[in-house]
Protein chains: 2
Amino acid sequence: MGKSKDRRVERTRSLIRNAFLELTQEKGYSAVTVQNIIDRANVGRSTFYAHFLDKEQLLLSEFKEFQDFLRQQRGNRSIAQRDPDMCVLGFGLAMFEHVQENYHHFKALFTRQDTAFLHQQMQKFLVELVQEELMAMPRDVSSPLPTDALAQFIVNAYWALLFWWCEHEMPYSAKEMDRLTYVLITSGVINMLAPQDQGTGRGSRI
Amino acid sequence: MGKSKDRRVERTRSLIRNAFLELTQEKGYSAVTVQNIIDRANVGRSTFYAHFLDKEQLLLSEFKEFQDFLRQQRGNRSIAQRDPDMCVLGFGLAMFEHVQENYHHFKALFTRQDTAFLHQQMQKFLVELVQEELMAMPRDVSSPLPTDALAQFIVNAYWALLFWWCEHEMPYSAKEMDRLTYVLITSGVINMLAPQDQGTGRGSRI
DNA sequence: TTGTTGTCGAACACGATGTATGGTTAACTT
DNA sequence: AAGTTAACCATACATCGTGTTCGACAACAA
């Protein structure tokens, strides 16, 4: 199971998907119409609606693959066996690397203004993942900020730098970016977790 | 000058503006149509288009007021005479306070998913302001991250917490939020500015 | 082969957009 | 107070994109 049933649906979905990505790169998401897509894909109108409810659903299905990838990366490294230096966002490096590989798709889908709602969607998803990680860590209960706010902070920091990195054509390596983001975040976070403890800024443990 | 010329235009713009804000609160931005607005405002169709090019322009004109407010707040405190504890985002506190006052408008305009492009717009604007502040500060030139990336980080941190705060019906005071955000940011930022110097987390100077 | 299922393409109803026009009235001007 | 301006209204209209429906046909699985 899991394999395709009908070669036709495979073909059609692929045609639509490619046409969509092409057009999005060319004109930006909101400028692309369903008509454009089915013209480029050479596919009947009703066929499109047989596969996707919407232009937006098509986008989200694309975006879901990225989500699955990240969720998988998170699973790969259990919290216990993880390098302490990498523990703020276990899949942070993997995220930078994946974006680097799929640079053009990512830029088309995320860089434009008209896909801003994707950012929100993405951040919401990431916040959940990070929150789970945070909750699995031993931390001061009397911490001034609740876990979800902290997660929001961390995710936004990662996303901000990821976005900047992508907009500026990736001037650093994925590893450097992950490292920079990590340093930028952790010392501040340390203070939130254990206010009495003076963070050294090079602390390897949270 | 600066005053209104015609009472009619004042009245009409106000009617449209209010109808728009009401409807946005009720249905969310994207669900509101021009037809809805002019019905609620009891205004002719052509009248609407005589004042605004677009539904989007109407939104942006609303949003521009917030921008002007922040720019003004920044101007109020010159960088030199500012309390060192407040120097990451000079207008940070003012921003939290302003959002608190216009809570419902803010929530209607920024909290929904379909206005996500406003976030981007807003962050872009804030990044420029923060970047100016950063450049006016003495800092290590060999800093690993360029100024704009750093500004992006700071703005996203503020925005993330502002957003969280607003979504959770403001569980803390504006002052507390500003303080928390400040602490969360600075110690990490210190490390970026002067890597050799070990940040203490309570550093009062950048 | 036979029945099922994906696809085609054309047509259609619907809703929203933005423009144009000529008449009406309220607000400014003197 | 009377005259002038221009903001407003109602209506109509062309346009465009959407999402649905339907009968005919072709590819698929059994």
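Reckoned from all heavy atoms, side chains included, excluding hydrogens, waters and symmetry mates. Just so it is clear: chains get the letters A, B, ... in the order the sequence lines come, proteins before strands, and each one is counted from 1.
By the 4.5 Å heavy-atom criterion applied to side chains, Phe163(B) and Gln120(A) are counted as neighbours. A heavy-atom distance below 4.5 Å is found between the side chains of Leu150(B) and Leu184(A). Proximity of Leu70(A) to Gln67(A): side-chain heavy atoms (C-beta onward) are nowhere separated by under 4.5 Å.
Axis orientation changes by 40° from one end of the helix from dT1(C)-dA30(D) to dT30(C)-dA1(D) to the other, with each end axis drawn from 5 pairs and the value rounded to 10°.
Contact annotation for Asn42(B): backbone-only contact, meaning every heavy-atom pair under 4.0 Å involves sugar-phosphate atoms and none involves a base.
Along DNA chain C, the stretch of nucleotides lying under 4.0 Å from any heavy atom of chain B spans, 5' to 3', dA16(C) to dC28(C).
Using a 4.0 Å cut-off between a side-chain N of Lys or Arg and a carboxylate O of Asp or Glu, Glu22(A) and Lys27(A) do not qualify as a salt bridge. Lys175(B) has no carboxylate O lying under 4.0 Å from a charged side-chain N of Asp178(B), or vice versa, which leaves the two without a salt bridge. The pair Asp114(A)-Arg112(A) does not meet the salt-bridge criterion, since no charged nitrogen lies less than 4.0 angstrom from a carboxylate oxygen.
Remark: P of dT15(D) and CD of Gln35(A) are 17 Å apart, rounded to the nearest angstrom. Whole-Å rounding puts the His51(A) NE2 to dG19(D) C1' distance at 16 Å. For the pair Phe52(A) CZ and dT20(D) P, the computed distance is 15 Å after rounding to whole Å. Rounded to whole Å, atom P of dC16(D) lies 14 Å from atom CZ of Arg45(A). dC9(D) atom C1' lies 13 Å from atom CD1 of Ile16(B), rounded to whole Å. Taking atom CG of residue Leu58(A) and atom C1' of nucleotide dT18(D), one finds them 15 Å apart after rounding to whole Å. Residue Ile38(B) contributes atom CD1, which lies 12 Å from atom C1' of dT11(D) at whole-angstrom precision.
Comparing Arg11(B) and Tyr49(B), the nucleotide of DNA chain C nearest to each residue sits closer to the 5' end for Tyr49(B). Sequence order on DNA chain C of the closest nucleotides to Arg8(B) and Lys55(B) puts Lys55(B) first from the 5' end.
Taking only side-chain nitrogens and oxygens, Thr12(B) comes nearer than 4.0 Å to OP1 or OP2 of dC8(D).
In this structure, Thr33(B) contributes its side chain and Asn36(B) its backbone to a donor-acceptor pair below 3.5 Å.
With Phe110(A) as reference, Trp159(A) is the one residue of Trp159(A), Trp165(A), Tyr29(A), Trp164(A) to meet the ring-ring contact (aromatic ring centres under 6.0 Å, His included) rule.
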Output side-chain donor-acceptor pairs under 3.5 Å for residues 96-108 of chain A, partner residues at least two apart or in another chain, one line each.
from, atom 1, to, atom 2, distance (Å)
Tyr103(A), OH, Lys107(A), NZ, 3.2
Tyr103(A), OH, Cys166(A), O, 3.4

